[in-house]
Amino acid sequence: MKIIIFDDDPTGSQTVYGCPLLLNWDEKTLEKAFTKSSPLVFILANTRSLSSVLAVKKTREICSSIKKFFLREGYSKDDYFYISRGDSTLRGHGVLEPAILAEELGPFHATFHIPAFLEGGRTTENGIHYLNGIPVHTTDFGHDNIFGFSTSDLAHWIEEKSFGKIQAENILHVEIKHLDMAFNNEDGFKSLLSFLSKLENNISVIVDAKLPHHLEILARAIKVVSKEKRFLFRTAASFINALSELPSNPQDTADLVSLKSKNNHFEYKPGLIIVGSHMKLATDQLEVLLKDDFCEGLEIPVSKLAAIFTLEDCYEEILVLEEILLSKIDDILSVKKVPVLYTTREEMKFSSTSQRMNFGLELAEFMAILVGKINNKFGYIISKGGITTQLLLQKGLNFTQVDLKGQILPGLSIVKSNSKKCDLPVVTFPGNLGNEKTLLESFRLMESNS
C-alpha cells in the first residue's frame, strides 16, 4: 500500500530514501511518481510558508488533482495511507491541514498526531512534547512569530490550534506503557488492536514515542486493522519511516557525497551554501561555518531588497542587485573558496503576519532565481531553511520532481533531479535541525572527497 505524504516543507523525507518528491502535481508528474516502486510519494506543498487561507486553497488544489488522477486510472482513494507531514517542533498548520485532508479524502475513523522525530531529539511522553528533554513551547520554536504556541501538552495544543473546535477532554491518548506492552507481549498487541478497531468519527488521537519500537509497533497494528479502518496522520518524519518499513539504505555517506557534479576535466565542481532560515539555531550555525577558512560569506541586504520590492517598477533595481551579488560570487570562486549566501540575520518588522509571510516568499524567490542563473558553476548546494529550499528546487532550478537519495547526517537529506539541464545534488537542511556545528559538519562531509 502506497503512502502519500503532504509535506508542508521540503525536508520531511529526512528519515527515508529512494522515493520521489513532487514539486508539481499535474497528471504527468503524478503518473510518473505512482509508477515508481517506492511505497512513498512525497508532495511538497510548502504550506508552512503560506497563510491559513492560502494553505487551505493549496491543499484542496492538490487533493483535487489526486482525485482526478485516481478517477482516470481507476484507483481508489481508500487504498492509500495519507500523512500530513509537519514540523517536529509544532510550527505550521498542524490542525488545519489534516482537517482539510479529512474533508477532501475522508471519511476517516481517526486522525493521529505523532510529532516525534527521534533522530532529532523530539520525543513525546505523557502527552507532552519535548525537544531534547525540554518542553517544546519553552524553546525558540514555541515563540515563533507566526506559528507560536503556549503549551507542550498535545491535547491542549490541538485545542488551542483548533480555536476550541476540538476539546482536549475529547482527545484520546496512546501512552508509552501501552506501546511497550504491545511490543513485549501478544496480549498487549491485541489490546492495541482492540483500541484501534473501536475508533470512530475521525476522533483525534495523540501518540507518545521515545524509542523507535514505539512507532514500529503502532505502525504494525495500524496495518493489521487498515482493511476495516481508515486513519489519517499528522506526523513528523519518524513515523513515516516506521510505516514504510524501508530496509537500510544501500548507499552510504561516501556514495551520496560522490553524487556531486563534475566539470569537463572530471573534477568536482565547488559547492554553494545558502542560508535563508532566521531561526537562532540557523544563525549560530552560520557563525560557526563562516569561521572556516574555505568558506566566504556574502550577505543579501534584506532591508535594501525590501525597499526595492515596494517600488512600482522594481525590475531594473532587482537586476542591478543581482549583478552585484553574482559578481561577488565569481570573486569568491576565483580565490577557490565556497560562497555562503545568506540573508541579513536581523528579522524585519511588519504590520501584519500576511505581509511578513509574503515578504519571506519574495526573499526566498529572489535567492532561488539568483542561484538558478549560475547553478552550472556548482557541484552541489546546501540549502538551509524549508521555504528557501522549496523555492530553490521549484523556481531556481525549475524542477518538477526530485529523487530522494538518502541522508548524509541524521535528518539531513540529499536530493537530485534526473533533469539533463541541471543534475546537481541539493542537501535539504531544515531550519531547526542539529547543533551549532551541524552546518559546518555537512559542508565538510560534502567536501570530503574533493
Which pair of non-hydrogen atoms, one from Asn46 and one from Gly386, has the smallest distance, and what is that distance?
OD1-O, 4.2 Å

Residue pair Asn449 / Lys260, side-chain donor-acceptor N/O under 3.5 Å
yes

Rounded to the nearest 0.5 Å, what's the gap from CG on Leu321 to CD1 on Ile318? Could you check?
8.5 Å

Glu97 and Thr47: side chain donor to acceptor below 3.5 Å
yes

Closest non-hydrogen atom pair between Ile83 and Leu243, with its separation
CD1-CD2, 4.1 Å

Verdict with supporting geometry, Val338 and Phe294, side-chain contact (heavy atoms from CB on, under 4.5 Å):
CA-CA 6 Å; Val338 170; Phe294 292 99; 5.6 Å; no

Answer yes when Asp255 and Lys405 have at least one side-chain N-carboxylate O distance shorter than 4.0 Å, and no when they do not.
no

Does Lys269 qualify as a cation-pi partner of Phe378, given the criterion of NZ or CZ under 6.0 Å from the six-membered ring centre and within 45 degrees of its axis?
no

Nearest heavy atoms of Phe147 and Gly92, plus distance in Å:
CG-N, 3.2 Å

Quick check: does any side chain N or O of Ser64 sit under 3.5 Å from a backbone N or O of Glu61, one acting as donor and the other as acceptor?
no

Residues 16-39 vs salt bridge (charged side-chain N to carboxylate O under 4.0 Å, His left out), sequence neighbours excluded, gives Glu27-Arg72, Glu31-Arg72, Lys36-Asp403

Do you know which two heavy atoms are closest between Gly94 and His113, and how far apart they sit?
O-CE1, 3.7 Å

Any side-chain heavy-atom pair from Phe429 and Ser277 closer than 4.5 angstrom?
no

For the residue pair Phe108 and Phe231, is the inter-centroid distance of their aromatic rings smaller than 6.0 Å?
no

For the side chain of His129 and the backbone of Thr123, is there at least one donor-acceptor N/O pair under 3.5 Å apart?
yes

Verify the neighbour count for atom NZ of Lys280: are there more than 12 heavy atoms of other residues, nucleotides or ligands below 6.0 Å?
no

Search all heavy atoms of Ala282 against all heavy atoms of Lys384 and return the closest pair with its distance.
CB-CE, 3.7 Å

For Thr344, is there any backbone N or O sitting under 3.5 Å from a side-chain donor or acceptor partner on His278?
yes

Measure from the ring center of Phe141 to the ring center of Phe149 and say whether it is less than 6.0 Å.
no

Does either side chain, that of His137 or that of Thr151, offer a donor lying less than 3.5 Å from an acceptor on the other one?
no

Rounded to the nearest 0.5 Å, what's the gap from CG on Leu259 to CD on Gln251? Could you check?
6.0 Å

Within a 6.0 Å radius of atom NZ on Lys67, are there more than 12 heavy atoms belonging to other residues, nucleotides or ligands?
yes

I'd like to know if the side chain of Gln407 reaches the main chain of Val16, judged simply by a donor and an acceptor atom lying under 3.5 Å from each other, with no hydrogens or angles considered.
yes

For Lys210, does the NZ atom sit with more than 12 other heavy atoms under 6.0 Å from it, leaving out its own atoms?
no

Less than 6.0 angstrom separating the ring centers of Phe233 and Tyr82, yes or no?
no

Determine whether a donor-acceptor pair (N or O, by modelled atom type, separation under 3.5 Å) exists between the side chain of Lys2 and the backbone of Ser37.
no

When you check the gap from the basic side-chain N to the acidic O, do Lys373 and Glu323 get nearer than 4.0 Å?
no

Ser152 (side chain) donor-acceptor with Val136 (main chain) under 3.5 angstrom:
yes

Nearest-0.5 Å distance, CG of residue Asn184 to NE2 of residue His213:
6.5 Å

Could you check whether atom NZ of Lys395 has more than 12 heavy atoms from other residues, nucleotides or ligands sitting under 6.0 Å from it?
no

Kindly say whether the aromatic ring centers of Phe189 and Phe183 come within a distance under 6.0 Å.
no

Is Glu299 reaching over with its side chain to a backbone N or O of Leu341, donor-acceptor style, under 3.5 angstrom?
no

Electrostatic pair Arg85:Asp9 at N-O distance under 4.0 angstrom:
yes

Test item: Asp7 side-chain N/O and Gly12 main-chain N/O as donor-acceptor pair under 3.5 Å:
yes

Would you find a donor on one side and an acceptor on the other, under 3.5 Å apart, between the side chain of Asn241 and the backbone of Ser238?
no

d(Ser84 OG, Ile43 CD1) to nearest 0.5 Å is 11.5 Å

Taking Glu104 for the side chain and Cys63 for the main chain, is one N or O donor matched with an acceptor at less than 3.5 Å?
no

Ignoring hydrogens, what is the shortest heavy-atom contact between Val426 and Ser383? Give both atom names and the distance.
CG1-CB, 4.3 Å

Let's go through Asp8 and Arg91 carefully: what are the C-alpha distance in whole Å and the side-chain angles of both, what is the deciding distance for salt bridge (Lys or Arg N to Asp or Glu O under 4.0 Å) to 0.1 Å, and is it a yes or a no?
CA-CA 10 Å; Asp8 76 346; Arg91 296 168 300 152; over 6 Å; no

